[in-house]
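Here is the structure we will look at, set down as C-alpha cells.
The shown structure was predicted, so the numbers you read here are calculated from the model rather than taken from an experiment.
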Amino acid sequence: MIEAVLPFFSPEKIADSGQAFRIHMLDSTHAETVAFGRYLQIADMGDSRYAFSCTADEFAGIWSAYFDLNRDYEKVVSSIDRNDNYLLSAAEFGIGIRILRQEVFETAISYIISQRRSIPSITTAVERICSLCGEKIVPYAPEPVFTAPSQNEFYAFPTPVRLAELSIEDLTATGVGYRAPYIARAASDFSSGKLIPDELAELPDSDLYRILMSMYGVGMKVANCIMLFAFARTSRFPVDVWIARIVDTYYGGNFDASRYPDSAGIMQQFMFYYERKRIS
DNA sequence: GGCCAGGCCTCGC
DNA sequence: GCGAGGCATGGC
C-alpha cells in the first residue's frame with residue numbers, strides 16, 4: 001500500500017468525468033479500476049491523503065503517470081483568464097479532475113465506440129468487450145486493501161491481437177452496432193503493427209493527428225480525444241456536442257483554445273464535467 | 001415507448 | 001470543400 005498527499009486529485013470526479021470508462025466508485029471514498037492489466041483500489045483518507053493498493057514500484061512506475069500526478073494543476077487553474085467567468089466556475093467545480101494517461105489501444109477503441117452514444121452505454125459496451133476477450137484478472141492487491149472488490153474477477157482490456165480475432169458478428173453481439181467494422185479495422189491496424197503506440201507517442205501533434213484521422217471511423221473529435229486521453233497532448237480541445245453547445249451558449253460560438261497551449265484539454269474537461277453535472 | 005446519445009462515413013453538390 | 005442524411009443499439 002502506498003499513501004500520498006495529493007491536492008487537486010479526486011478519483012470520484014475523475015471516475016465521473018467521462019474520460020475513462022473503467023473507473024468505478026464502490027462508495028464516495030473508495031474507487032477501483034483496471035488498467036495495464038492490473039486491478040487497483042484507491043481510498044480517500046481525507047485531508048487530500050489517498051491510499052493506493054499497490055507497491056511503491058507500481059505506483060512510481062505506472063499509476064503516477066496514469067493519474068498525471070506530476071502536473072501542477074493549481075498552476076493550470078490559476079492560468080485561467082480572470083474575465084472568463086464560465087471557465088473559472090467550471091474549474092472551481094471540477095477541481096480534482098486530472099487528465100489520465102490511458103493505454104493507447106483501449107482509448108482508441110473506447111472512443112470509437114463512444115460516437116453517438118451516452119456514457120453509461122459506452123461503459124456497458126467496453127465492459128462487454130473486456131469480458132468477452134480480455135485476460136482475466138483476479139483482484140488481488142499485493143498490499144492490504146481497504147474494502148472488498150466489487151467482483152471476484154475482472155478482465156483486462158483485450159490486446160489488439162485478441163480483439164482482431166473477433167468476427168464482425170462477435171463484435172456486433174457486444175452491442176457496438178454499426179461501429180463494429182471500425183473496431184475491427186482499428187484492432188487490425190494495431191495487431192498488424194501498422195500502428196505502434198510507442199512510435200505514435202514520439203510524433204509531434206500534427207503527425208499524430210493526421211495518422212489518427214486516417215483511421216477508419218476516427219474523425220476530429222475522436223482523434224483529439226485519443227491525443228488528449230492516451231498521449232497527454234493537453235493542447236488538444238475535443239469538440240463534441242456538449243462543448244459545441246457550451247461554446248455557443250457562453251462564448252458566442254467562439255472559444256479560443258489556443259489561449260491555453262499547454263492545458264486546453266484540461267479546460268475542456270472542466271467545461272464538459274461542469275455542464276453535464278449541473279444539468280443532471 | 002419514444003427520444004437522444006462525448007460522430008463519422010458516404011454521397012451529392 | 002461542405003452540408004445533409006443515415007446509422008445500430010442502449011438508457012432513461
Side-chain angles (χ1 to χ4, degrees), chain A residues 13-24 87 90 93-94 97-104 106-132 157 166-189 195 209-251 253 255 257 264-280:
Chain A
K13 289 184 189 175
I14 292 169
D16 199 24
S17 69
Q19 62 174 302
F21 305 103
R22 304 202 70 199
I23 304 178
H24 172 230
L87 186 50
F93 187 81
I97 291 175
R98 286 171 179 261
I99 302 296
L100 303 186
R101 188 172 188 132
Q102 302 181 63
E103 294 172 271
V104 171
E106 174 174 344
T107 308
I109 299 297
S110 298
Y111 278 91
I112 286 172
I113 291 172
S114 79
Q115 59 184 267
R116 229 179 118 73
R117 292 190 78 151
S118 65
I119 289 173
S121 166
I122 300 162
T123 302
T124 300
V126 170
E127 218 45 58
R128 283 180 184 167
I129 284 178
C130 292
S131 56
L132 181 62
F157 196 86
L166 298 185
S167 66
I168 297 293
E169 291 72 27
D170 293 334
L171 287 170
T172 303
T174 66
V176 297
Y178 66 86
R179 306 159 195 81
Y182 303 159
I183 294 168
R185 186 85 73 89
S188 165
D189 287 345
L195 297 178
Y209 184 65
R210 182 174 45 75
I211 289 175
L212 293 174
M213 284 289 288
S214 74
M215 293 175 67
Y216 185 50
V218 174
M220 291 188 292
K221 190 271 174 180
V222 170
N224 279 316
C225 283
I226 298 169
M227 290 182 72
L228 179 58
F229 299 128
F231 292 100
R233 305 299 172 96
T234 48
S235 66
R236 310 306 289 197
F237 188 81
V239 177
D240 69 335
V241 291
W242 286 91
I243 296 297
R245 203 177 298 148
I246 290 165
V247 170
D248 277 346
T249 306
Y250 304 104
Y251 295 93
F255 178 81
I266 301 171
M267 304 309 178
Q268 189 268 13
Q269 201 60 16
F270 284 145
M271 296 159 110
F272 180 75
Y273 179 77
Y274 183 51
E275 198 68 15
R276 271 180 16 95
K277 293 303 291 181
R278 65 184 189 140
I279 285 176
S280 64

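- Salt bridge status for A:Glu127 with A:Arg22: present, with a side-chain N to carboxylate O gap under 4.0 Å.
- Residue A:Arg245 contributes atom CZ, which lies 9 Å from atom P of B:dG7 at whole-angstrom precision.
- The footprint of chain A on DNA chain C, defined by a heavy-atom cutoff below 4.0 Å, extends from C:dC7 to C:dG11.
- Contact annotation for A:Ser17: base contact, defined as any heavy-atom pair under 4.0 Å involving a base atom.
- Backbone-only engagement by A:Val222 is indicated by non-hydrogen atom pairs under 4.0 Å involving sugar-phosphate atoms exclusively.
- Rounded to an integer number of Å, the gap from A:Ile243 CD1 to B:dG6 C1' is 9 Å.
- For the pair A:Phe229 CZ and B:dG6 P, the interatomic distance rounds to 13 Å; values are reported in whole Å.
- Protein atom CG of A:Asp16 is 14 Å distant from nucleotide atom C1' of B:dG6, rounded to whole Å.
- With B:dG6, B:dC8, B:dA5 as the candidates, the nucleotide lying closest to the side chain of A:Gln115 is B:dC8.
- Residue order along DNA chain C, read from the 5' end via each residue's closest nucleotide, puts A:Arg179 first among A:Ala125 and A:Arg179.
- Considering A:Met271, A:Gln269, A:Glu275, A:Lys277 in turn, A:Lys277 is the only one that fulfils the side-chain contact (heavy atoms from CB on, under 4.5 Å) rule with A:Tyr273.
- Annotation: C:dA8 and B:dC11 have their P atoms spaced 14 Å apart (nearest Å).
- Here the separation of B:dG1 from C:dT9, taken at their C1' atoms, is 15 Å to the nearest Å.
- One N or O on the side chain of A:Gln268 and one on the backbone of A:Pro238 form a donor-acceptor pair closer than 3.5 Å.
- Shown are A:Thr124, A:Ile129, A:Leu166; of these, the side-chain contact (heavy atoms from CB on, under 4.5 Å) with A:Thr174 is made only by A:Ile129.
- For the C1' atom pair drawn from B:dC4 and C:dG6, the interatomic distance equals 15 Å after rounding to whole Å.
- Rounded to whole Å, atom P of B:dG7 lies 13 Å from atom CG of A:Asn224.
- Ring-plane geometry between A:Tyr111 and A:Phe229 is classed as parallel, the angle between the planes falling under 30 degrees on a 0 to 90 degree scale with a further cut at 60.
- In this structure, A:Arg233 is not positioned above the aromatic face of A:Tyr209 in the sense of NZ or CZ being under 6.0 Å from the six-membered ring centre and within 45° of the axis.
- The aromatic ring centres of A:Phe93 and A:Phe270 sit 6.0 Å or more apart.
- Rounded to whole angstrom, the span from the CD atom of A:Glu275 across to the C1' atom of B:dA5 amounts to 16 Å.
- A stacked arrangement is assigned to A:Phe272 and the six-membered base ring of B:dG6, with a centre-to-centre distance below 5.5 Å and an interplanar angle below 30°.
- One C1' atom belongs to B:dC3, the other to C:dC7, and the distance between them is 15 Å to the nearest Å.
- Between A:Phe255 and A:Phe237, the ring-plane angle classifies as parallel under the 30° and 60° cut-offs.
- A:Gln268 places its CD atom 8 Å from the C1' atom of B:dG6, with the value rounded to the nearest Å.
- In this structure, A:Arg116 places its CZ atom 13 Å from P of B:dC3, rounding to the nearest Å.
- Residues forming a side-chain hydrogen bond (donor to acceptor under 3.5 Å, both in side chains) with A:Arg210 (at least two apart in sequence, or on another chain): A:Asp207.
- With a 6.0 Å cutoff to the six-membered ring centre and a 45° limit on the axis angle, A:Arg276 does not count as a cation-pi contact of A:Tyr274.
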So which protein nitrogen or oxygen atoms get under 3.5 Å of nucleotides 9-13 of chain B's nitrogens or oxygens?
residue: B:dC9; atom: OP1; partner: A:Gly217; partner atom: N; Å: 2.8

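- No contact: A:Ile112 has no heavy atom under 4.0 Å from any strand.
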